[in-house]
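The first residue in the sequence is number 1, and the count goes up from there.
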Amino acid sequence: MQLVGVFTILIMAFVMAKQIFAEQYIAFKSLNFKDSKKIDIWEGLVLYKTDLSTHTQMTVQYGLDSVTSASFGVVSGVSGASASASAIRISDDEEDDDEDSEYTASERSTKTRQQAGLSITHAFAPDVKGTSSVRMSYKTDYQSYIAGQTITFPIAGPNTILGVGGYYTQNNNNPLVTTTNVQLEPPSDTDSTRVTVIGSLEHVLSRKSKLKFLAEGFEDKGYLSTGYQRVTITSDDSEALEVLPSTRTGLALSMIYSQWLFDSAALHLRGRVYQDSYDINAYSLDAQIMKYLAEDLVGDVRLRYYTQSSASFFGESFVNMPDGFFTNHPALSQFNAYQATAGIKKEVEWFGGDGAISAVVSFYYADLDYNFGTLMLGYETTF
(Lines give C-alpha, C1' and ligand atoms only; values in the text may rest on other atoms or scores of the structure.)
Protein backbone atom coordinates (compact mmCIF):
# COMPACT_ATOMS: atom_id res chain seq x y z
CA MET A 1 0.00 0.00 0.00
CA GLN A 2 2.88 2.38 0.76
CA LEU A 3 4.27 1.85 -2.74
CA VAL A 4 0.86 2.50 -4.32
CA GLY A 5 0.55 5.71 -2.32
CA VAL A 6 4.00 6.87 -3.35
CA PHE A 7 3.31 6.19 -7.04
CA THR A 8 0.01 8.07 -6.76
CA ILE A 9 1.79 11.09 -5.28
CA LEU A 10 4.48 10.95 -7.98
CA ILE A 11 1.89 10.81 -10.76
CA MET A 12 -0.02 13.75 -9.27
CA ALA A 13 3.22 15.71 -8.92
CA PHE A 14 4.13 14.90 -12.52
CA VAL A 15 0.75 16.10 -13.82
CA MET A 16 1.04 19.35 -11.82
CA ALA A 17 4.64 19.90 -12.89
CA LYS A 18 3.70 19.32 -16.52
CA GLN A 19 1.47 22.36 -16.32
CA ILE A 20 4.28 24.50 -14.86
CA PHE A 21 7.58 23.37 -16.34
CA ALA A 22 8.61 22.87 -19.95
CA GLU A 23 10.33 19.46 -20.04
CA GLN A 24 9.92 16.40 -17.85
CA TYR A 25 12.12 13.30 -17.53
CA ILE A 26 11.01 10.20 -15.68
CA ALA A 27 12.65 6.77 -15.32
CA PHE A 28 11.58 3.47 -13.79
CA LYS A 29 14.09 0.76 -12.90
CA SER A 30 13.73 -2.73 -11.46
CA LEU A 31 16.72 -4.69 -10.15
CA ASN A 32 16.75 -8.37 -9.19
CA PHE A 33 19.76 -9.75 -7.26
CA LYS A 34 20.55 -13.34 -6.25
CA ASP A 35 23.77 -14.63 -4.68
CA SER A 36 25.40 -17.87 -3.59
CA LYS A 37 24.54 -17.20 0.08
CA LYS A 38 20.81 -17.57 -0.67
CA ILE A 39 20.14 -13.84 -0.52
CA ASP A 40 17.50 -12.42 -2.87
CA ILE A 41 17.03 -8.68 -3.39
CA TRP A 42 14.44 -6.80 -5.43
CA GLU A 43 14.74 -3.04 -5.81
CA GLY A 44 12.42 -0.62 -7.56
CA LEU A 45 13.44 2.96 -8.34
CA VAL A 46 11.57 5.97 -9.71
CA LEU A 47 13.58 9.01 -10.83
CA TYR A 48 12.08 12.34 -11.95
CA LYS A 49 13.85 15.40 -13.39
CA THR A 50 12.53 18.77 -14.44
CA ASP A 51 13.86 22.26 -15.19
CA LEU A 52 12.73 24.70 -12.54
CA SER A 53 14.08 27.55 -14.63
CA THR A 54 16.46 28.16 -17.50
CA HIS A 55 19.46 27.57 -15.21
CA THR A 56 18.08 25.28 -12.47
CA GLN A 57 17.19 21.58 -12.58
CA MET A 58 15.55 19.46 -9.87
CA THR A 59 15.90 15.68 -9.50
CA VAL A 60 13.71 13.58 -7.18
CA GLN A 61 14.06 9.85 -6.63
CA TYR A 62 12.32 7.19 -4.56
CA GLY A 63 13.34 3.57 -4.10
CA LEU A 64 11.93 0.53 -2.35
CA ASP A 65 13.79 -2.74 -1.94
CA SER A 66 13.03 -6.09 -0.42
CA VAL A 67 15.78 -8.37 0.94
CA THR A 68 15.13 -12.06 1.66
CA SER A 69 17.74 -14.19 3.41
CA ALA A 70 18.26 -17.09 5.77
CA SER A 71 18.15 -16.24 9.48
CA PHE A 72 21.15 -17.00 11.66
CA GLY A 73 21.63 -16.29 15.34
CA VAL A 74 25.40 -15.74 15.15
CA VAL A 75 27.06 -15.54 11.77
CA SER A 76 30.57 -16.82 11.23
CA GLY A 77 32.63 -14.34 9.26
CA VAL A 78 33.72 -17.00 6.78
CA SER A 79 30.76 -19.33 6.48
CA GLY A 80 27.82 -16.99 6.89
CA ALA A 81 28.74 -13.48 5.82
CA SER A 82 28.94 -11.95 2.39
CA ALA A 83 29.46 -8.50 0.94
CA SER A 84 25.77 -8.16 0.12
CA ALA A 85 24.64 -9.53 3.48
CA SER A 86 25.97 -6.44 5.22
CA ALA A 87 22.62 -4.86 4.37
CA ILE A 88 20.69 -7.47 6.34
CA ARG A 89 19.87 -7.62 10.02
CA ILE A 90 20.32 -11.14 11.32
CA SER A 91 17.64 -12.37 13.70
CA ASP A 92 18.26 -14.20 16.99
CA ASP A 93 15.00 -16.13 16.66
CA GLU A 94 16.52 -19.02 14.72
CA GLU A 95 19.93 -20.65 14.76
CA ASP A 96 21.24 -22.99 12.09
CA ASP A 97 24.82 -24.17 12.15
CA ASP A 98 24.55 -26.11 8.89
CA GLU A 99 25.79 -23.72 6.23
CA ASP A 100 24.90 -26.19 3.44
CA SER A 101 21.26 -26.66 4.43
CA GLU A 102 18.45 -25.70 2.07
CA TYR A 103 16.10 -23.13 3.53
CA THR A 104 12.35 -23.28 3.15
CA ALA A 105 10.25 -20.16 2.75
CA SER A 106 9.29 -20.27 6.41
CA GLU A 107 12.97 -20.31 7.43
CA ARG A 108 13.78 -17.19 5.43
CA SER A 109 13.09 -13.64 6.55
CA THR A 110 12.33 -10.59 4.42
CA LYS A 111 13.22 -6.99 5.22
CA THR A 112 12.18 -3.91 3.28
CA ARG A 113 13.90 -0.56 2.95
CA GLN A 114 12.79 2.79 1.56
CA GLN A 115 15.10 5.45 0.18
CA ALA A 116 14.43 8.94 -1.12
CA GLY A 117 16.60 11.70 -2.55
CA LEU A 118 16.43 15.28 -3.77
CA SER A 119 19.05 17.29 -5.66
CA ILE A 120 19.12 20.78 -7.15
CA THR A 121 21.61 21.71 -9.88
CA HIS A 122 22.11 25.37 -10.81
CA ALA A 123 24.21 26.82 -13.63
CA PHE A 124 25.83 29.98 -12.29
CA ALA A 125 27.54 30.65 -15.61
CA PRO A 126 28.36 28.72 -18.79
CA ASP A 127 30.10 25.47 -17.71
CA VAL A 128 29.87 26.44 -14.00
CA LYS A 129 27.40 24.22 -12.13
CA GLY A 130 26.68 23.54 -8.49
CA THR A 131 24.65 20.62 -7.11
CA SER A 132 23.17 20.31 -3.62
CA SER A 133 21.75 16.92 -2.66
CA VAL A 134 20.17 15.09 0.26
CA ARG A 135 19.29 11.41 0.51
CA MET A 136 17.71 9.23 3.17
CA SER A 137 17.53 5.45 3.56
CA TYR A 138 15.10 4.04 6.12
CA LYS A 139 14.35 0.74 7.81
CA THR A 140 12.83 0.18 11.23
CA ASP A 141 16.23 -0.74 12.68
CA TYR A 142 18.48 1.37 10.46
CA GLN A 143 18.50 4.93 9.11
CA SER A 144 21.07 6.63 6.91
CA TYR A 145 21.20 10.32 5.97
CA ILE A 146 23.50 11.89 3.36
CA ALA A 147 23.95 15.56 2.46
CA GLY A 148 26.40 16.84 -0.14
CA GLN A 149 27.55 19.71 -2.31
CA THR A 150 29.57 19.67 -5.53
CA ILE A 151 30.63 22.31 -8.04
CA THR A 152 32.24 22.05 -11.48
CA PHE A 153 33.91 24.85 -13.44
CA PRO A 154 36.35 25.26 -16.36
CA ILE A 155 40.03 26.02 -15.88
CA ALA A 156 42.63 26.86 -18.51
CA GLY A 157 39.97 27.02 -21.20
CA PRO A 158 36.65 25.29 -21.89
CA ASN A 159 38.23 21.89 -22.57
CA THR A 160 39.29 21.31 -18.95
CA ILE A 161 36.70 20.97 -16.18
CA LEU A 162 37.54 20.86 -12.47
CA GLY A 163 35.12 19.48 -9.89
CA VAL A 164 35.25 19.64 -6.08
CA GLY A 165 32.77 18.65 -3.39
CA GLY A 166 32.00 16.69 -0.30
CA TYR A 167 29.39 14.61 1.51
CA TYR A 168 28.43 13.93 5.10
CA THR A 169 26.79 10.63 6.07
CA GLN A 170 25.08 9.72 9.35
CA ASN A 171 24.23 6.05 9.99
CA ASN A 172 21.93 5.14 12.88
CA ASN A 173 21.93 1.43 13.71
CA ASN A 174 19.77 -0.01 16.44
CA PRO A 175 21.91 -2.31 18.64
CA LEU A 176 21.66 -6.03 17.99
CA VAL A 177 19.73 -8.18 20.45
CA THR A 178 22.17 -9.50 23.05
CA THR A 179 22.81 -13.13 23.91
CA THR A 180 23.68 -14.88 27.14
CA ASN A 181 27.31 -15.03 26.10
CA VAL A 182 29.00 -11.95 27.58
CA GLN A 183 31.67 -12.01 24.86
CA LEU A 184 28.94 -11.56 22.24
CA GLU A 185 27.45 -8.51 23.96
CA PRO A 186 27.25 -5.71 21.32
CA PRO A 187 27.89 -2.09 22.27
CA SER A 188 24.92 0.09 23.13
CA ASP A 189 25.94 2.75 20.60
CA THR A 190 26.16 1.45 17.01
CA ASP A 191 25.99 4.79 15.16
CA SER A 192 28.66 5.97 12.73
CA THR A 193 29.51 8.92 10.48
CA ARG A 194 31.44 9.38 7.25
CA VAL A 195 32.96 12.54 5.81
CA THR A 196 33.85 12.30 2.10
CA VAL A 197 35.85 14.78 0.03
CA ILE A 198 35.93 14.38 -3.76
CA GLY A 199 37.74 16.00 -6.66
CA SER A 200 37.72 15.50 -10.42
CA LEU A 201 39.58 16.80 -13.44
CA GLU A 202 38.28 16.18 -16.97
CA HIS A 203 40.12 17.16 -20.13
CA VAL A 204 38.99 16.86 -23.74
CA LEU A 205 41.96 15.48 -25.66
CA SER A 206 40.40 15.65 -29.09
CA ARG A 207 37.08 15.65 -30.83
CA LYS A 208 36.81 11.90 -30.19
CA SER A 209 38.60 11.34 -26.87
CA LYS A 210 38.73 12.61 -23.30
CA LEU A 211 40.48 11.78 -20.03
CA LYS A 212 39.11 12.11 -16.51
CA PHE A 213 40.82 11.80 -13.11
CA LEU A 214 38.93 11.24 -9.86
CA ALA A 215 40.08 11.41 -6.24
CA GLU A 216 38.02 10.49 -3.18
CA GLY A 217 39.07 10.59 0.45
CA PHE A 218 36.95 9.56 3.42
CA GLU A 219 36.98 9.26 7.20
CA ASP A 220 34.65 6.92 9.10
CA LYS A 221 34.03 7.30 12.82
CA GLY A 222 31.95 5.36 15.32
CA TYR A 223 30.79 1.76 15.34
CA LEU A 224 32.23 0.45 12.07
CA SER A 225 31.12 -3.17 12.34
CA THR A 226 27.93 -3.82 10.42
CA GLY A 227 24.86 -3.24 12.54
CA TYR A 228 23.05 -6.10 10.82
CA GLN A 229 25.37 -9.00 11.33
CA ARG A 230 27.41 -10.66 14.02
CA VAL A 231 30.78 -11.53 12.57
CA THR A 232 32.40 -13.90 15.04
CA ILE A 233 35.67 -15.77 15.43
CA THR A 234 36.04 -19.03 17.30
CA SER A 235 39.40 -19.87 18.84
CA ASP A 236 40.32 -22.45 21.50
CA ASP A 237 36.64 -23.15 22.22
CA SER A 238 36.01 -19.44 22.82
CA GLU A 239 33.89 -17.16 20.70
CA ALA A 240 33.89 -13.37 20.34
CA LEU A 241 32.46 -10.62 18.19
CA GLU A 242 34.83 -8.92 15.77
CA VAL A 243 36.53 -5.80 17.09
CA LEU A 244 37.26 -3.02 14.59
CA PRO A 245 38.93 0.37 15.06
CA SER A 246 36.54 3.25 15.71
CA THR A 247 38.15 5.29 12.90
CA ARG A 248 38.89 4.40 9.29
CA THR A 249 40.38 6.64 6.63
CA GLY A 250 40.92 5.88 2.95
CA LEU A 251 41.88 7.33 -0.41
CA ALA A 252 40.87 6.20 -3.91
CA LEU A 253 42.34 7.47 -7.19
CA SER A 254 40.71 6.69 -10.54
CA MET A 255 41.35 7.37 -14.21
CA ILE A 256 38.81 7.05 -17.05
CA TYR A 257 39.76 7.22 -20.72
CA SER A 258 36.99 7.49 -23.34
CA GLN A 259 37.53 7.12 -27.08
CA TRP A 260 35.23 6.96 -30.08
CA LEU A 261 36.49 4.00 -32.12
CA PHE A 262 34.42 4.88 -35.17
CA ASP A 263 31.11 6.56 -35.86
CA SER A 264 28.98 4.02 -34.01
CA ALA A 265 31.10 2.74 -31.10
CA ALA A 266 32.88 4.05 -28.00
CA LEU A 267 35.51 2.54 -25.69
CA HIS A 268 35.85 3.32 -21.97
CA LEU A 269 38.90 2.19 -19.97
CA ARG A 270 38.95 2.61 -16.19
CA GLY A 271 41.63 2.07 -13.56
CA ARG A 272 41.40 2.56 -9.80
CA VAL A 273 43.77 2.26 -6.83
CA TYR A 274 42.68 2.34 -3.18
CA GLN A 275 44.39 2.32 0.21
CA ASP A 276 43.03 2.73 3.73
CA SER A 277 44.07 2.72 7.39
CA TYR A 278 43.12 -0.97 7.70
CA ASP A 279 46.18 -1.60 5.46
CA ILE A 280 43.92 -2.74 2.62
CA ASN A 281 45.31 -2.06 -0.85
CA ALA A 282 42.92 -2.57 -3.76
CA TYR A 283 43.20 -2.28 -7.53
CA SER A 284 40.63 -2.57 -10.30
CA LEU A 285 40.68 -2.46 -14.10
CA ASP A 286 37.73 -2.54 -16.45
CA ALA A 287 36.91 -2.06 -20.10
CA GLN A 288 33.57 -1.17 -21.64
CA ILE A 289 32.44 -1.01 -25.26
CA MET A 290 29.19 0.66 -26.33
CA LYS A 291 28.03 0.26 -29.93
CA TYR A 292 25.04 1.20 -32.02
CA LEU A 293 23.67 -2.09 -33.36
CA ALA A 294 20.98 -0.22 -35.28
CA GLU A 295 19.77 3.36 -35.54
CA ASP A 296 17.70 3.03 -32.36
CA LEU A 297 19.52 0.14 -30.63
CA VAL A 298 22.67 0.31 -28.45
CA GLY A 299 24.63 -2.67 -27.11
CA ASP A 300 26.96 -2.53 -24.10
CA VAL A 301 29.60 -5.00 -22.82
CA ARG A 302 31.82 -4.47 -19.78
CA LEU A 303 34.51 -6.60 -18.08
CA ARG A 304 36.00 -5.77 -14.66
CA TYR A 305 38.80 -7.21 -12.53
CA TYR A 306 39.28 -6.38 -8.83
CA THR A 307 41.86 -7.45 -6.28
CA GLN A 308 42.58 -6.46 -2.69
CA SER A 309 44.87 -7.35 0.20
CA SER A 310 43.50 -8.24 3.63
CA ALA A 311 43.21 -5.96 6.63
CA SER A 312 46.16 -6.14 9.00
CA PHE A 313 43.92 -7.61 11.72
CA PHE A 314 42.12 -10.20 9.57
CA GLY A 315 42.65 -13.77 10.76
CA GLU A 316 41.21 -17.06 11.91
CA SER A 317 41.90 -16.35 15.59
CA PHE A 318 41.34 -13.40 17.90
CA VAL A 319 44.39 -14.28 19.99
CA ASN A 320 47.50 -12.05 19.71
CA MET A 321 46.02 -9.81 17.02
CA PRO A 322 47.62 -6.33 16.64
CA ASP A 323 46.19 -3.65 18.93
CA GLY A 324 43.41 -5.99 20.04
CA PHE A 325 41.48 -5.69 16.74
CA PHE A 326 40.31 -8.78 14.86
CA THR A 327 37.79 -9.80 12.21
CA ASN A 328 36.90 -12.78 10.08
CA HIS A 329 34.67 -10.91 7.61
CA PRO A 330 35.30 -11.84 3.94
CA ALA A 331 35.02 -8.21 2.83
CA LEU A 332 38.22 -7.50 4.79
CA SER A 333 40.10 -10.56 3.52
CA GLN A 334 42.43 -10.94 0.55
CA PHE A 335 40.55 -11.91 -2.61
CA ASN A 336 40.22 -11.45 -6.37
CA ALA A 337 36.94 -10.76 -8.16
CA TYR A 338 35.71 -10.77 -11.74
CA GLN A 339 32.58 -9.21 -13.20
CA ALA A 340 30.98 -9.36 -16.65
CA THR A 341 28.08 -7.12 -17.69
CA ALA A 342 26.05 -6.96 -20.89
CA GLY A 343 23.23 -4.58 -21.71
CA ILE A 344 20.96 -3.41 -24.47
CA LYS A 345 18.98 -0.19 -24.89
CA LYS A 346 16.29 0.54 -27.48
CA GLU A 347 14.80 3.90 -28.24
CA VAL A 348 10.99 4.00 -28.25
CA GLU A 349 8.21 6.56 -28.62
CA TRP A 350 5.62 5.60 -26.03
CA PHE A 351 2.92 7.69 -24.35
CA GLY A 352 3.72 10.69 -26.51
CA GLY A 353 7.35 11.03 -25.44
CA ASP A 354 10.84 10.14 -26.61
CA GLY A 355 12.09 7.32 -24.42
CA ALA A 356 14.04 4.08 -24.18
CA ILE A 357 13.74 0.62 -22.68
CA SER A 358 16.81 -1.19 -21.37
CA ALA A 359 17.95 -4.50 -19.92
CA VAL A 360 21.28 -5.18 -18.19
CA VAL A 361 22.52 -8.54 -16.89
CA SER A 362 25.63 -8.91 -14.72
CA PHE A 363 27.55 -11.78 -13.14
CA TYR A 364 30.12 -11.41 -10.34
CA TYR A 365 32.53 -14.07 -9.06
CA ALA A 366 35.02 -13.81 -6.19
CA ASP A 367 37.55 -16.51 -5.30
CA LEU A 368 36.37 -16.60 -1.67
CA ASP A 369 33.50 -18.91 -2.68
CA TYR A 370 31.03 -16.13 -3.42
CA ASN A 371 29.15 -15.05 -6.53
CA PHE A 372 26.03 -13.16 -7.50
CA GLY A 373 23.98 -12.23 -10.54
CA THR A 374 21.76 -9.25 -11.29
CA LEU A 375 19.13 -8.35 -13.86
CA MET A 376 18.02 -4.73 -14.29
CA LEU A 377 15.09 -3.62 -16.45
CA GLY A 378 14.36 0.04 -17.09
CA TYR A 379 12.17 2.51 -18.94
CA GLU A 380 12.87 6.22 -19.32
CA THR A 381 11.11 8.96 -21.23
CA THR A 382 11.16 12.71 -21.80
CA PHE A 383 7.95 14.67 -22.34
Side-chain angles (χ1 to χ4, degrees), residues 31-43 65-91 94-104 107-111 113 142 224-234 239 241-242 244 248 250 252 270 272 274 276 278-286 302-318 326-342 360-376:
L31 175 69
N32 291 86
F33 171 102
K34 182 182 287 290
D35 76 358
S36 56
K37 300 297 183 181
K38 302 179 178 65
I39 296 170
D40 300 321
I41 300 175
W42 173 84
E43 179 177 354
D65 61 52
S66 171
V67 182
T68 302
S69 69
S71 295
F72 291 88
V74 176
V75 178
S76 163
V78 170
S79 64
S82 71
S84 62
S86 62
I88 301 163
R89 185 182 178 89
I90 302 301
S91 168
E94 301 172 2
E95 293 195 18
D96 192 336
D97 294 327
D98 182 5
E99 64 181 84
D100 297 320
S101 63
E102 295 296 329
Y103 303 101
T104 64
E107 292 174 315
R108 292 162 63 83
S109 60
T110 300
K111 299 291 184 181
R113 180 186 67 165
Y142 171 81
L224 302 186
S225 294
T226 171
Y228 295 95
Q229 211 175 45
R230 297 208 189 140
V231 180
T232 67
I233 297 179
T234 302
E239 191 173 37
L241 285 171
E242 68 174 356
L244 301 183
R248 183 181 187 181
R270 301 175 180 88
R272 183 177 183 268
Y274 167 91
D276 67 19
Y278 285 8
D279 290 333
I280 291 179
N281 295 288
Y283 309 90
S284 67
L285 293 170
D286 74 74
R302 182 176 180 181
L303 299 175
R304 181 174 184 263
Y305 168 72
Y306 175 87
T307 183
Q308 76 168 44
S309 62
S310 63
S312 59
F313 46 84
F314 178 87
E316 301 298 325
S317 169
F318 56 82
F326 54 87
T327 186
N328 212 12
H329 198 295
L332 300 179
S333 69
Q334 187 280 326
F335 68 92
N336 302 303
Y338 313 85
Q339 187 168 11
T341 303
V360 179
V361 62
S362 181
F363 180 76
Y364 172 98
Y365 171 78
D367 57 13
L368 41 70
D369 191 27
Y370 177 72
N371 62 77
F372 68 79
T374 64
L375 171 64
M376 185 179 72

What pairs with [X] under side chain to side chain contact (heavy atoms under 4.5 Å, CB included), at least two apart in sequence or on another chain?
{"X": "Ala282", "value": "Tyr274, Tyr306, Gln308"}
{"X": "Asp279", "value": "Ser312"}
{"X": "Ser36", "value": "Tyr370, Asn371"}
{"X": "Asp65", "value": "Glu43, Val67, Arg113, Gln115"}

Side chain of Thr341, backbone of Ser362: donor and acceptor closer than 3.5 Å? no

Give a yes or no answer on whether the side chain of Asp367 reaches the backbone of Asn336 with a donor-acceptor pair at less than 3.5 Å. yes

Tell me, please, which residues at least two apart from Tyr338 pass ring pair (Phe, Tyr, Trp, His ring centres under 6.0 Å). Tyr305

To the nearest 0.5 angstrom, please state how far the [atom1] atom of [X] sits from the [atom2] atom of [Y].
{"X": "Leu285", "Y": "Thr307", "atom1": "CG", "atom2": "OG1", "value": "10.5 Å"}
{"X": "Leu31", "Y": "Ile41", "atom1": "CG", "atom2": "CD1", "value": "8.0 Å"}
{"X": "Thr374", "Y": "Lys34", "atom1": "OG1", "atom2": "NZ", "value": "13.0 Å"}
{"X": "Trp42", "Y": "Phe33", "atom1": "CH2", "atom2": "CZ", "value": "16.0 Å"}

For residues [X] and [Y], report the shortest heavy-atom separation together with the two atoms involved.
{"X": "Ala340", "Y": "Leu303", "result": "CB-CD2, 3.8 Å"}
{"X": "Ser333", "Y": "Phe335", "result": "O-CD2, 3.5 Å"}
{"X": "Phe326", "Y": "Leu244", "result": "O-CD2, 4.4 Å"}
{"X": "Tyr364", "Y": "Gln339", "result": "CD1-OE1, 4.0 Å"}

Just jot down the salt bridge (Lys or Arg N to Asp or Glu O under 4.0 Å) partners of Arg302, sequence neighbours excluded, or say none. Asp286

